[in-house]
Amino acid sequence: MLDPKLIRESPDLVRAAIAKKHLSVDLEAVLSADAAWRALLQDVERLRGLQKAANTAMATLPKGSPEFLAKLAEMKAVAAQVKERDAGLKAAEEACREAMLTLPNLPHASVPEGRTPEENVVFSSHGDPASAGPSAVAHWDIPGFSRLFDFERGSKVTGAGFPFFIGEGARLVRALINFFLEEDARAGYVEVSPPIFVNAASATATGQLPDKEGQMYETTPDRLFAVPTAEVPLTNFFREEILEESALPVRRCAYTPCFRREAGSYGKDVRGLNRLHQFDKVELLKWVHPSSSYDELDRLRDDVEGLLRKLGLPYRVLLMCGGDLGFAQSKKYDLEVWAAGQKRWLEVSSCSNFEAFQARRAQIRYRSKETGRAELLHTLNGSGLAVPRVLAAILENNLEPDGRVRIPEALVPHFGKSHLSFG
RNA sequence: GGAGGGAUGGCCGAGUGGCUUAAGGCGCAGGUUUGCUAAACCUGUUAACCAGAAAUGGUUACGGGGGUUCGAAUCCCCCUCCCUCCGCCA
């Protein structure tokens with residue numbers, strides 16, 4: 001959420017942010033909810049002040065004395081008033097908080113204007129999409145594909161979008177996870193293996209609840225949520241904590257399976273490995289000093305790009321425009337890898353700076369050396385990387401005439417051989 | 001899953017209805033003393049929110065939530081977490 005003081009004192013900034021993100025949010029309703037809450041607060045605090053003063057007086061009066069009894073009668077009336085208005089105050093506070101949660105994070109000045117994904121800016125391009133040749137095929141059309149990636153049995157056992165990975169298919173998944181983790185560790189991210197179920201408080205702090213509840217798998221009767229990304233348990237690691245400034249920046253990476261219901265998806269988006277309900281991903285997280293978060297965003301993007309460069313896959317970096325930025329992000333880059341057979345770009349990473357938006361909601365702070373006070377820090381995250389789509393791109397770009405797939409050199413030590421075959 | 005014990009400030013730890021933001025100690029900051037260091041002594045040392053240009057004032061907070069009461073760290077109810085023992089288990 002945004003700083004309530006900012007909303008109150010600079011509503012124009014918030015209004016501009018809403019416009020740049022092309023959202024329709026009723027800022028006036030937020031402002032009036034806030035004003036109503038503050039008016040009630042002052043009223044209740046005045047009454048509490050009366051109670052407190054009376055309490056001090058009554059402590060020294062002899063019990064049963066006329067003065068004591070007079071005070072007591074007087075305070076009974078005040079107590080009734082407090083009780084009544086306190087209920088209203090709580091409701092107003094809740095309403096105010098809920099209203100404020102509807103306000104999006106402010107986009108950074110460097111975020112381009114735009115409404116739709118088409119207006120995202122191509123920030124950079126790497127490698128030659130044409131190198132695989134015009135005869136490249138979609139990965140699901142590669143002869144023997146279903147022997148290594150068994151969607152039918154996955155559907156039988158669990159449901160659509162939960163394939164089995166078999167033999168060299170499974171091995172390639174494991175090689176990619178291993179490669180990502182080792183490269184990320186080399187870049188300074190400490191590996192973490194987090195819980196893959198989180199409670200409602202955690203899902204709320206990172207914004208999955210209450211709005212995106214339908215996107216998560218939920219367990220009964222414990223009401224735990226299967227993580228849609230390792231971002232959720234990782235970000236919550238420091239929830240409601242105060243870090244030492246000298247500990248910043250904290251950089252971590254985690255491999256987890258990710259679970260997404262993907263309600264409403266359809267068509268070629270969901271074919272093959274493009275979009276699964278369960279998939280493997282390595283996520284990168286940073287907790288940084290506010291003054292360095294944009295430098296850290298550049299470094300994060302560069303770290304993730306390094307993975308794609310080493311894999312030798314053609315990719316491009318998009319700078320997201322205001323309309324495609326997302327609710328909580330201040331600035332976001334999407335990394336897309338070229339799928340030569342499908343002749344389309346697949347998003348394999350999203351690198352975002354949330355500034356203090358997540359940190360305020362999750363109450364993650366650092367102790368400022370300068371002021372001695374606890375200040376909100378900035379959080380960033382990015383995938384490094386999503387496995388199935390990278391795998392799909394390898395299959396489509398590296399398919400050789402003999403029907404085998406060349407394994408990128410950087411991956412060979414992890415995979416154990418130079419080619420994957422479907423036979 | 002069963003039985004019991006616990007949760008107080010940065011830390012340890014008192015406190016069983018009122019003048020308690022909370023004794024005492026440790027730690028930390030400033031000061032005095034002092035060839036230097038150490039010690040000793042003195043003073044200070046929570047956070048959030050609201051109002052205010054500011055100085056400052058006010059309210060809240062003793063794991064979380066609800067209740068009793070004029071008044072709750074203290075009494076009652078529910079929940080969470082931690083510890084010990086038993087059971088089960090990769």
Side-chain angles (χ1 to χ4, degrees), chain A residues 1-11 30-101 103 193-205 209 219-225 233 236-248 257 356 359-377:
Chain A
M1 67 184 278
L2 289 170
D3 184 353
K5 286 199 182 79
L6 175 88
I7 299 169
R8 220 171 272 150
E9 291 162 15
S10 312
V30 178
L31 291 171
S32 66
D34 179 56
W37 166 67
R38 282 187 294 159
L40 270 169
L41 179 68
Q42 284 171 41
D43 194 33
V44 170
E45 286 193 353
R46 180 184 58 82
L47 289 171
R48 288 236 174 87
L50 288 178
Q51 283 187 308
K52 218 173 157 174
N55 193 28
T56 309
M58 288 171 79
T60 54
L61 285 170
K63 286 195 177 53
S65 69
E67 296 90 340
F68 184 91
L69 292 175
K71 261 304 189 221
L72 194 146
E74 187 188 329
M75 284 305 115
K76 276 196 177 189
V78 172
Q81 275 188 64
V82 168
K83 195 167 183 177
E84 173 202 325
R85 295 188 198 183
D86 204 41
L89 178 67
K90 273 193 175 170
E93 187 173 7
E94 184 57 30
C96 184
R97 184 180 161 78
E98 269 177 35
M100 286 190 176
L101 284 175
L103 297 177
S193 181
I196 60 170
F197 290 93
V198 295
N199 57 31
S202 294
T204 303
L209 293 179
T219 67
T220 44
D222 298 311
R223 193 161 150 83
L224 295 177
F225 298 88
N236 277 283
F237 185 91
F238 291 121
R239 172 152 57 88
E240 288 148 45
E241 293 193 25
I242 299 171
L243 310 186
E244 287 305 319
E245 182 172 343
S246 58
L248 303 180
R360 183 172 293 104
R361 191 158 171 164
Q363 282 300 300
I364 309 172
R365 295 173 292 173
Y366 69 98
R367 179 77 55 194
S368 167
K369 278 190 196 133
E370 202 176 322
T371 65
R373 298 170 62 84
E375 312 275 4
L376 294 165
L377 46 69

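Numbers restart at 1 for each chain; the letters A, B, ... are given by sequence-line order, proteins then strands. Excluded from the calculations below are hydrogen atoms, water molecules and symmetry mates; all remaining heavy atoms, backbone and side chain alike, are included.
- Among B/U59, B/C49, B/A48, the nucleotide with an atom closest to any side-chain atom of A/W37 is B/C49.
- Residue A/R8 is classed as a sugar-phosphate contact, given heavy-atom separations below 4.0 Å to backbone atoms only.
- The residues A/D86 and A/K90 are annotated as not salt-bridged, no charged nitrogen and carboxylate oxygen being separated by less than 4.0 angstrom.
- Under the Watson-Crick or G-U wobble criterion, with both distances below 3.5 Å, B/A61 is paired with B/U46.
- When distances run from any side-chain atom of A/R38 to the nucleotides B/U59, B/A51, B/G18, the shortest one goes to B/A51.
- B/U80: Watson-Crick or G-U partner is B/A7, with both key distances under 3.5 Å.
- Taking atom CZ of residue A/R46 and atom P of nucleotide B/U59, one finds them 12 Å apart after rounding to whole Å.
- Annotation: B/U56 and B/C70 have their C1' atoms spaced 30 Å apart (nearest Å).
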Could you check A/R48 against A/V82 for side chain to side chain contact (heavy atoms under 4.5 Å, CB included), going step by step and ending with a plain yes or no? CA-CA 7 Å; A/R48 288 236 174 87; A/V82 168; 4.3 Å; yes
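- In this structure, A/I242 atom CD1 and B/C11 atom C1' are separated by 15 Å, rounded to whole Å.
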Applying side chain to side chain contact (heavy atoms under 4.5 Å, CB included) to A/K71 and A/E67, what does each step give before you reach the verdict? CA-CA 6 Å; A/K71 261 304 189 221; A/E67 296 90 340; over 6 Å; no
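- When all heavy atoms are compared, the tightest approach of A/W37 to A/R8 is CZ3-NH2, 4.0 Å.
- Across the C1' atoms, B/C62 and B/U46 are found 12 Å apart, a figure rounded to whole Å.
- Nucleic acid contact for A/K71: none, since no nucleic acid atom lies under 4.0 Å from a heavy atom of the residue.
- In plain terms, the two heavy atoms of A/R361 and A/T204 that are nearest each other are NE-O, 3.0 Å.
- Rounding to whole angstrom units, CG of residue A/D3 and P of B/C50 are separated by 9 Å.
- Taking atom P on both nucleotides, B/C41 is separated from B/G25 by 10 Å, rounded to a whole Å.
- To the nearest whole angstrom, the two C1' atoms, one in B/C77 and one in B/C19, are 30 Å apart.
- For the C1' atoms, the distance from B/G52 to B/G58 is 11 Å, rounded to whole Å.
- Within the shown strands, nothing qualifies as a pairing partner of B/C89 under the Watson-Crick or G-U definition with both distances less than 3.5 Å.
- Only the C1' atoms considered, B/C26 is 13 Å distant from B/G9, to the nearest whole Å.
- Residues A/M58 and A/L50 each lie close to RNA chain B; by heavy-atom proximity, the contact nearer the 5' end of the strand is made by A/L50.
- Following rounding to the nearest Å, A/M75 (CE) and B/A72 (P) show an atom-to-atom distance of 13 Å.
- Atom C1' of nucleotide B/A29 and atom CZ of A/R367 are separated by 14 Å, given to the nearest angstrom.
- For the residue pair A/I242 and A/Y366, the shortest heavy atom distance occurs at CG2-C, 3.9 Å.
- Comparing the P positions of B/G24 and B/G87 gives an interatomic distance of 48 Å, to the nearest angstrom.
- Listed nucleotides B/U60, B/G18, B/C70 differ in distance to A/N55; the shortest reach to its side chain belongs to B/G18.
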Run the side chain to side chain contact (heavy atoms under 4.5 Å, CB included) check on A/L224 and A/N199 step by step: do they pass? CA-CA 5 Å; A/L224 295 177; A/N199 57 31; 4.1 Å; yes
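- For the pair A/R48 CZ and B/A61 C1', the computed distance is 11 Å after rounding to whole Å.
- Atom C1' of nucleotide B/A51 and atom CG of A/D34 are separated by 13 Å, given to the nearest angstrom.
- Rounded to whole Å, atom P of B/G64 lies 11 Å from atom CD of A/E240.
- The residue A/L72 sits close to a base: some heavy atom pair falls under 4.0 Å.
- Phosphate contact (OP1/OP2 of B/U60, side-chain N/O of A/K52, threshold under 4.0 Å): present.
- Nucleic acid contact for A/A54: none, since no nucleic acid atom lies under 4.0 Å from a heavy atom of the residue.
- Pair check for B/U74 finds none; no Watson-Crick or G-U wobble contact set falls under 3.5 Å.
- The side chain of A/E45 lies closest to B/C49, out of B/C70, B/G18, B/C49.
- For the segment residues 85-96 of chain A, residues with any heavy atom less than 4.0 angstrom from an atom of RNA chain B are, sorted by number, A/K90.
- A distance of about 26 Å separates the C1' atoms of B/G27 and B/C83, rounded to the whole Å.
- In the set B/U68, B/C70, B/G18, B/U68 carries the atom at the smallest distance from any side-chain atom of A/K83.
- The CG atom of A/L6 lies 11.0 Å from the CE atom of A/M1; values are rounded to the nearest 0.5 Å.
- Between A/T60 and A/V44, the residue anchored closer to the 5' end of RNA chain B is A/T60, taking for each the nucleotide with the nearest heavy atom.
- In a base pair of the Watson-Crick type (N1 to N3 plus N6-O4 or O6-N4) or a G-U wobble (N1-O2 and O6-N3), with each distance short of 3.5 Å, B/U32 is matched with B/A40.
- Of all nucleotides present, none satisfies the Watson-Crick or G-U wobble test against B/G17 with each distance under 3.5 Å.
- Considering only heavy atoms from C-beta on, A/E45 comes within 4.5 Å of A/L41 through its side chain.
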Under the side chain to side chain contact (heavy atoms under 4.5 Å, CB included) criterion, do A/V30 and A/L103 qualify, and how do the steps go? CA-CA 9 Å; A/V30 178; A/L103 297 177; 3.8 Å; yes
